[in-house]
Amino acid sequence: MKVYNTLTRQKEEFVPMEEGKVKMYVCGPTVYDYIHIGNARPYVVFDTVRRYLEYRGYEVTYVQNFTDVDDKIINRANKENSTMQEISNRYIQEAFHDADGLNVRRATMHPRVTEEMDLIVQMVKELIEKGFAYEDHGTVYYDTKKFPDYGKLSRKNLDELIAGGSERVSVDDAKKNPTDFVLWKPKKEGEPSWPSPWGEGRPGWHIECSVMAKHHLGDSIDIHAGGEDLVFPHHENEIAQSEACNGCQFAKYWLHNGFITVDNEKMSKSLGNFFTVRDIAAQFPYEVIRFFILNGHYRSPINFSRELMQACQNGLERIKNARKELDFFIQNAPEGRMTDEEKTQTEELMKYKEQFEAAMDDDFNTADAISVIYELVRFSNIAVKAQVSREYALKIQDMLDHLCGVLGVAELTESTISDEDTSKIEALIEKRTEAKKAKDFAAADAIRDELAAMGITIKDTRQGVQWFRG
RNA sequence: GGCGCCAUAGCCAAGUGGUAAGGCAAAGGUCUGCAACACCUCUACCCCCGGUUCAAAUCCGGGUGGCGCCUCCA
C-alpha cells in the first residue's frame with residue numbers, strides 16, 4: 001500500500017510504527033459557523049482513508065479536534081451577544097450533523113482546545129525550558145532559529161521567508177526573528193482567558209494540535225492529515241513544536257487534500273465564494289456530496305458546480321439502482337446453487353475486488369475505485385437480467401456491499417415505511433396490475449402517478465413489480 | 001520576488017514507457033402498452049514546439065494557459 005507523503009514529496013510504502021495499528025490525527029475545523037464544502041473534503045477523504053485502513057485490517061485510532069478558542073469565534077459571540085462557549089457548542093453540534101449526513105464516522109476522539117488548557121500550558125513551559133521558546137510581556141514565542149529542521153515540510157527556508165517580502169512576517173518588535181510565531185498570547189479585555197505562568201491568556205493556534213496529538217496519540221504518530229493550505233505555517237509549526245518538545249519524529253506520513261474551487265478559484269471565507277454543506281444539502285442529498293468529493297483523487301483540485309453535482313447524483317443513482325434491483329432479485333429468487341458456469345465466473349468477480357484494492361492501495365485512488373464499482377454494477381445488472389442463481393447473486397451482493405462500504409457510498413437505507421403504508425402501496429400496485437391486464441392503461445398510469453406523488457418509484461421486472469421510496 | 005501543483009472527449013475523471021479505464025450528457029438501437037430502470041452501439045490527432053527511445057499522454061528541454069502556498073483558511 002502506497003501513500004503520498006508531503007514530507008518526502010513521494011509515494012511511499014505504508015508501514016505503521018506498530019504492526020497492525022495506525023495512529024492518525026486530522027486537523028478539524030474552527031467552530032464559528034456551519035462547515036463549508038471545503039471543510040467537508042478532509043472530513044470525507046480522511047474518513048475514507050480510515051475506512052480503507054480498517055478494511056486492510058489495521059486498528060485505527062483516529063483523532064480529529066475542534067478548535068473552540070479563536071478570534072473568529074469570539075467575534076461571532078460578540079456580534080450575537082453570546083459567549084464563545086455557546087457559539088462553539090452550537091457549531092460543534094452542527095458540524096456533527098453535517099458529518100453524519102456525509103456518512104463520516106465519528107473519530108475515536110474529538111478533543112477540544114478548551115479541554116486541553118493544562119497540557120497546552122505544560123508544553124509551552126517545556127519549550128521554554130528546553131530553549132525553543134521565549135517570553136516577552138506575557139507573550140510566548142517559538143524561536144524558529146533554534147529548530148534547524150524548520151521548513152522541512154513546506155520546503156521553505158527562513159532566509160527566503162524573510163527575504164520574500166511577505167507583508168506579515170515582521171509585525172512584532174518583540175520577536176527575535178520575523179518567522180517566530182506565537183505560542184501563548186496575553187488576555188485582551190473582554191476575552192476569555194486561562195491562567196498561565198506568563199499571566200492570563202490563551203494559546204496560539206499551532207500549539208493546540210501538537211498538544212492534542214501528543215495527549216491522545218503519543219509523541220509519534222503514523223499519519224497527520226489536513227488541507228493543503230495547512231502545510232505552511234500550521235503543520236510546519238506543529239513539527240517544530242512537537243519535535244523540539246518530544247525529541248522524536250512527530251508524524252511519519254503527512255497527507256494533504258487538495259482544494260475545492262469555485263469558478264477555478266479557491267473557495268475561502270475571505271473571498272466569500274464558499275458554500276456551506278448545509279446550503280448544498282438543501283439541493284442535493286448529503287450522499288451526493290460525499291460521492292462528489294470521492295469522484296476525484298484527494299490531492300487534485302475539484303471545481304465545484306451545480307452541473308457537476310447533478311452529474312454525480314445521476315451516477316450515484318445508477319449504482320443505487322443496481323443495488324436495489326439486485327436486492328429485489330435476491331428476495332424473490334428461489335433457492336438455487338451456483339451452476340458450474342457461474343462458479344468459473346466467480347473468478348471474474350474477484351477481479352473487481354483486486355482492481356478496487358489496487359486502486360485504493362495506490363494512494364487512495366477513489367476515482368479509480370469508483371470506476372471499478374461501475375463495472376461491477378454493469379456486471380450485476382447483466383446477472384440480474386440473466387436470472388442467475390440465488391447463490392451467485394448473493395456473491396455479487398456481498399462484493400458490492402463491501403466495496404461501497406469502504407467508500408461509504410451508495411448505501412441503501414432501511415425502509416421507514418409503515419406497515420399500513422406498505423399495504424396501501426401494495427394494494428395500489430395490485431390495482432395497477434389488474435388495470436394493465438384489462439388494457440386500461442389510462443387507469444394504470446394514473447396509479448403510477450399517484451404512487452409517484454407519494455414518493456414511491458415502481459419498476460416493472462420479470463419477477464413482478466418492484467417498488468421503493470425515492 | 002521565492003517555493004510548488006496542474007493541463008486527457010461537450011463536462012467530470014483514471015492512466016507515469018507498449019499504443020487511451022470509468023461516469024455524466026448527447027445520438028441510435030433492444031426491452032416496455034407507454035414510460036422509468038437496464039442492456040447494446042457510438043463519441044479523443046492526450047495544450048503547443050523540439051528532443052530521447054524500436055515505442056511517449058507518460059521521460060527530458062522550451063513555450064503557452066490555469067491554480068495554490070509564502071497572511072486567518074480545509
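Here is how names work: the chains are called A, B, and so on, in the same order as the sequence lines, proteins then strands, and each is numbered from 1.
An aromatic stack links A:Phe441 and the base of B:G33, using centre distance under 5.5 Å and interplanar angle under 30°.
A:Asp143 and A:Asn177 are linked by a side-chain donor-acceptor pair at a separation below 3.5 angstrom, with hydrogens and angles left out of the test. Side-chain N/O atoms of A:Gln93 and A:His97 include no donor and acceptor closer than 3.5 Å. Of the N and O atoms on the side chains of A:Ser154 and A:Glu236, at least one donor lies less than 3.5 Å from an acceptor on the other residue. In the model, A:Tyr55 has no side-chain atom that pairs as donor or acceptor with a side-chain atom of A:Arg51 under 3.5 Å.
Nucleotides B:C47 and B:G10, compared at atom P, are 13 Å apart to the nearest Å. Taking the C1' atoms as reference points, B:C46 lies 13 Å from B:A13, given to the whole Å. Annotation: B:U58 and B:U16 have their P atoms spaced 12 Å apart (nearest Å). B:C39 and B:A25: their P atoms are spaced 13 Å apart (whole Å). Annotation: B:C3 and B:C42 have their P atoms spaced 49 Å apart (nearest Å). Taking atom P in both B:C12 and B:U32, the straight-line distance is 38 Å, to the nearest Å. Rounded to whole Å, the P atom of B:C40 lies 9 Å from the corresponding atom of B:G23. A distance of about 13 Å separates the P atoms of B:A57 and B:C49, rounded to the whole Å.
Note: A:Phe275 and A:His36 fail the aromatic proximity criterion, with ring centroids not under 6.0 Å apart. Under the 6.0 Å cut-off for aromatic ring centres, A:Phe379 and A:Tyr352 qualify, their centroids lying closer than that.
Under the side chain to side chain donor-acceptor pair (under 3.5 Å) rule, A:Arg299 has a single partner from A:Asn365, A:Asn257, A:Asp363, which is A:Asp363. Of the candidates A:Thr276, A:Ile302, A:Ile293, A:Ile37 forms a side-chain contact (heavy atoms from CB on, under 4.5 Å) with just one, namely A:Ile293.
No hydrogens or angles were tested; on distance alone, a donor-acceptor pair under 3.5 Å links the side chain of A:Lys266 to the base of B:C73. At a cut-off of 3.5 angstrom, the base of B:A13 holds no donor-acceptor pair with the side chain of A:Asp368. Side-chain atoms of A:Arg448 come within donor-acceptor range of the base of B:A35, with a qualifying N/O pair under 3.5 Å. For A:Asn295 and B:G23, a side-chain-to-base donor-acceptor distance below 3.5 Å is absent, hydrogens and geometry of angles not being considered.
Rounded to an integer number of Å, the gap from CZ of A:Arg9 to C1' of B:G4 is 7 Å. Atom CZ in A:Arg155 sits about 18 Å away from atom P in B:C70, given to the nearest Å. If you take CZ of A:Arg318 and P of B:C37, they are 11 Å apart, rounded to a whole angstrom. Distance A:Asn321 CG to B:C39 P: 10 Å, rounded to the nearest Å. Here B:A38 presents its C1' atom at 6 Å from CG of A:Asn381, a figure rounded to the nearest Å. One atom, CG of A:Asn273, and another, C1' of B:A74, lie 13 Å apart when rounded to the nearest Å. Distance A:Asn264 CG to B:C11 P: 12 Å, rounded to the nearest Å. Rounded to whole angstrom, the span from the NE2 atom of A:His234 across to the C1' atom of B:U71 amounts to 15 Å.
Using a 30° and 60° split on the angle between ring planes, A:Phe14 and A:Tyr253 fall in the tilted class, from 30° to 60°.
Applying the Watson-Crick and G-U wobble criteria (two distances, each under 3.5 Å), B:G4 pairs with B:C67. Nucleotide B:C34 forms no Watson-Crick or G-U wobble pair with any nucleotide shown, as no partner meets the under 3.5 Å limit on both distances. Under the Watson-Crick or G-U wobble criterion, with both distances below 3.5 Å, B:A21 has no partner in any strand shown. Both distances falling under 3.5 Å, in either a Watson-Crick or a G-U wobble arrangement, occur for no nucleotide opposite B:U16. With a cut-off of 3.5 Å on both pairing distances, the Watson-Crick or G-U wobble partner of B:G50 is B:C60. With both pairing distances under 3.5 Å, B:A9 is matched to nothing as a Watson-Crick or G-U wobble pair.
Taking every side-chain heavy atom of A:Ser371 into account, B:G22 is the closest of B:C39, B:C70, B:G22. Distances were taken from every side-chain heavy atom of A:Tyr374 (C-beta onward) to each of B:C72, B:C34, B:G23; the shortest belongs to B:G23. Side-chain atoms of A:Asp229 lie closest to B:A74 of the nucleotides B:A74, B:A25, B:C39. The nucleotide whose nearest atom lies closest to any side-chain atom of A:Arg432 is, among B:C40, B:C72, B:C34, B:C34. Here B:A38 is the nucleotide among B:A38, B:A13, B:G68 with the atom lying nearest to any side-chain atom of A:Glu325. With distances taken from any side-chain atom of A:Asn365 to the nucleotides B:C73, B:G22, B:A14, the minimum falls on B:A14. The side chain of A:Met267 sits closest to B:A74 out of B:G22, B:A14, B:A74. For A:Phe232, the listed nucleotide lying nearest its side chain is B:C70; candidates were B:C70, B:C12, B:A14.
Across all strands shown, A:Asn314 has heavy atoms under 4.0 Å from sugar-phosphate atoms exclusively, and none from any base. As judged by a 4.0 angstrom heavy-atom cut-off over every strand, A:Lys436 is placed among the base-contacting residues. Residue A:Glu375 is in sugar-phosphate contact alone, with no base atom involved, counting any heavy-atom pair closer than 4.0 Å across all strands shown.
Comparing A:Asp362 and A:Ile382 by the nucleotide of RNA chain B whose heavy atom lies nearest to each, the residue mapping closer to the 5' end is A:Asp362. Mapping A:Phe291 and A:Lys439 onto RNA chain B via the closest heavy atom, the residue that lands nearer the 5' end is A:Phe291.
For the OP1/OP2 pair of B:A14 and a distance below 4.0 Å, the side-chain nitrogens and oxygens of A:Ser300 include at least one atom meeting the criterion. Here A:Arg378 reaches the OP1 or OP2 of B:C40: one of its side-chain N or O atoms lies under 4.0 Å away.
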Please write out each protein N/O paired with an N/O of nucleotides 17-19 of chain B under 3.5 Å, distance rounded to 0.1 Å.
none

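Across residues 29-49 of chain A, A:His36, A:Gly38, A:Asn39, A:Pro42 each have a non-hydrogen atom less than 4.0 Å from an atom of RNA chain B (numbered order).
Across every non-hydrogen atom of A:Arg9 and A:Tyr4, the tightest pair is CA-OH, 3.3 Å. The minimum heavy-atom distance linking A:Arg50 with A:Arg106 is given by the pair NH1-O, 2.8 Å.
Distance alone, capped at 3.5 Å, places no donor-acceptor pair between the A:Glu325 side chain and the A:Val384 backbone.
Using a 4.5 Å cut-off on side-chain heavy atoms (C-beta onward), A:Tyr25 and A:Cys209 make contact.
In this structure, CG on A:Asp460 lies 8.0 Å from OG1 on A:Thr433, to the nearest 0.5 angstrom.
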